[in-house]
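Note sheet for the following structure.
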Amino acid sequence: MREYDPVRPILCVALFALVLAGCAGDSNADPSGRTWRLTDLEGTPPLEGTTIDLTIDGEQVSGSSGCNTYSGPVTLDPAAGTMTLGPNLASTMMACEEPIMDQERRYLDSLVRVRSYEIVDGDLTLIDDTGTVVLTFE
């Protein structure tokens with residue numbers, strides 16, 4: 001029969017905690033290859049009935065801005081957690097009701113302010129050069 005080793009359970013718990021922490025989020029993960037749906041625009045949720053999303057594919061970003069679609073260049077460095085969108089984003093020119101158009105302007109203006117990002121618990125957070133969270137996606 002083996003002697004009880006009090007260190008072994010502590011090591012097992014510590015290893016389990018590290019594994020769980022790794023599953024919780026990876027701030028340096030690559031956000032490419034999927035479509036992210038906006039959940040927060042500068043502290044407010046999107047207007048009811050609108051869908052705003054973002055897809056990064058290589059050096060291109062595209063998506064729906066609530067009324068129109070947009071696209072443009074993206075510079076991404078997952079190792080550093082940096083991202084720059086634009087500066088010249090193209091957008092279709094359909095007209096929608098004013099609250100939706102205002103939300104769209106705010107969204108597109110926020111995109112070009114982005115300088116870094118984090119992915120935590122499956123959410124993508126876009127951050128400006130002052131460290132302020134400007135957009136959050138799921």
Side-chain angles (χ1 to χ4, degrees):
M1 182 173 240
R2 292 167 67 178
E3 268 188 53
Y4 176 72
D5 182 0
V7 174
R8 184 174 290 209
I10 294 170
L11 289 175
C12 288
V13 170
L15 180 60
F16 183 69
L18 285 173
V19 168
L20 285 180
C23 293
D26 181 0
S27 62
N28 289 339
D30 188 340
S32 301
R34 68 170 276 194
T35 298
W36 298 91
R37 188 173 59 83
L38 185 74
T39 58
D40 185 274
L41 168 61
E42 297 178 324
T44 60
L47 295 172
E48 181 126 358
T50 62
T51 299
I52 298 176
D53 59 41
L54 174 136
T55 302
I56 298 171
D57 184 14
E59 295 179 356
Q60 276 298 116
V61 64
S62 62
S64 170
S65 49
C67 178
N68 290 284
T69 58
Y70 67 93
S71 64
V74 60
T75 303
L76 182 66
D77 183 352
T82 60
M83 176 189 298
T84 304
L85 300 150
N88 300 319
L89 296 176
S91 177
T92 57
M93 304 279 292
M94 295 187 326
C96 292
E97 296 176 18
E98 188 52 40
I100 296 172
M101 295 304 295
D102 180 57
Q103 173 182 257
E104 183 171 85
R105 279 188 292 276
R106 289 179 33 236
Y107 174 70
L108 294 173
D109 288 346
S110 294
L111 282 179
V112 297
R113 293 183 11 233
V114 170
R115 295 297 175 264
S116 63
Y117 74 93
E118 293 180 344
I119 299 175
V120 177
D121 295 332
D123 292 336
L124 171 65
T125 302
L126 303 184
I127 304 160
D128 70 12
D129 60 354
T130 69
T132 302
V133 171
V134 290
L135 302 163
T136 304
F137 298 83
E138 62 179 13

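All values reported here derive from a predicted model rather than from experimental measurement.
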*Mind running side chain to side chain contact (heavy atoms under 4.5 Å, CB included) on Leu135 and Asp40 for me, showing each step along the way?*
CA-CA 6 Å; Leu135 302 163; Asp40 185 274; over 6 Å; no
_If you apply the rule side chain to side chain contact (heavy atoms under 4.5 Å, CB included), what do you find for Met83 with Thr75, and how did you get there?_
CA-CA 6 Å; Met83 176 189 298; Thr75 303; over 6 Å; no
*asked:* Could you tell me if the side chain of Ile127 sits less than 4.5 Å from the side chain of Val133, heavy atoms only?
replied: yes
*Verify, without hydrogens or angle tests, whether Gln60 (side chain) and Ser71 (backbone) share a donor-acceptor contact under 3.5 angstrom.*
no
*asked:* For Glu59, I'd like to know if atom CD has over 12 heavy atoms of other residues, nucleotides or ligands within 6.0 Å.
replied: no
*Roughly how far, to the nearest 0.5 Å, is CG of Leu85 from CZ of Arg115?*
8.5 Å
*If you take all heavy atoms of Thr50 and Leu47, which pair is closest and at what distance?*
OG1-O, 2.6 Å
_Euclidean distance, Ser65 OG relative to Arg106 CZ, rounded to 0.5 Å_ = 13.0 Å
*CG of Asp128 to CG of Leu111: how many Å apart, nearest 0.5 Å?*
12.5 Å
*Do Trp36 and Ile119 touch side chain to side chain, with heavy atoms closer than 4.5 Å?*
yes
*Would you call Ser110 and Glu42 a side-chain contact if the rule is heavy atoms closer than 4.5 Å?*
yes
*asked:* Within the 4.5 Å heavy-atom criterion, are Asp53 and Ser64 side-chain neighbours or not?
replied: yes
*Closest heavy-atom contact between Val112 and Pro87?*
CG1-O, 3.9 Å
*Met94 backbone acceptor or donor facing Asn68 side chain under 3.5 Å*: yes
*Side-chain contact test, heavy atoms from C-beta onward, threshold under 4.5 Å: evaluate it for Ser62 versus Asp57 and give yes or no.*
no
*Candidate list Thr44, Ile52, Leu108, test side chain to side chain contact (heavy atoms under 4.5 Å, CB included), partner Gln103, passing option*: Ile52
_Residues, nucleotides or ligands: over 12 heavy atoms within 6.0 Å of Glu97 CD_ = no
_Distance in Å, Arg34 CZ paired with Leu54 CG, rounded so as to fall on 0.5 Å steps_ = 10.5 Å
_Using every non-hydrogen atom in the two residues, find where Gly58 and Ile56 come nearest and quote the distance to one decimal._
O-CG2, 3.9 Å
_I need the minimum non-hydrogen distance between Asp30 and Tyr117, along with the two atoms involved._
CA-OH, 4.1 Å
*Leu89 versus Val61: any side-chain heavy-atom pair under 4.5 Å?*
yes
*Working to the nearest 0.5 Å, report the span between CD of Glu48 and CD1 of Ile100.*
11.0 Å
_Modelled atom types, side-chain donor and acceptor of Glu118 and Thr125, under 3.5 Å_ = no
*Looking only at heavy atoms, what is the nearest atom pair of Cys67 and Met101, with distance?*
SG-SD, 3.9 Å
*Close side-chain approach of Leu126 to Phe137, heavy-atom, < 4.5 Å*: yes
*Any chance the side chains of Thr136 and Thr39 put a donor and an acceptor closer than 3.5 Å?*
no
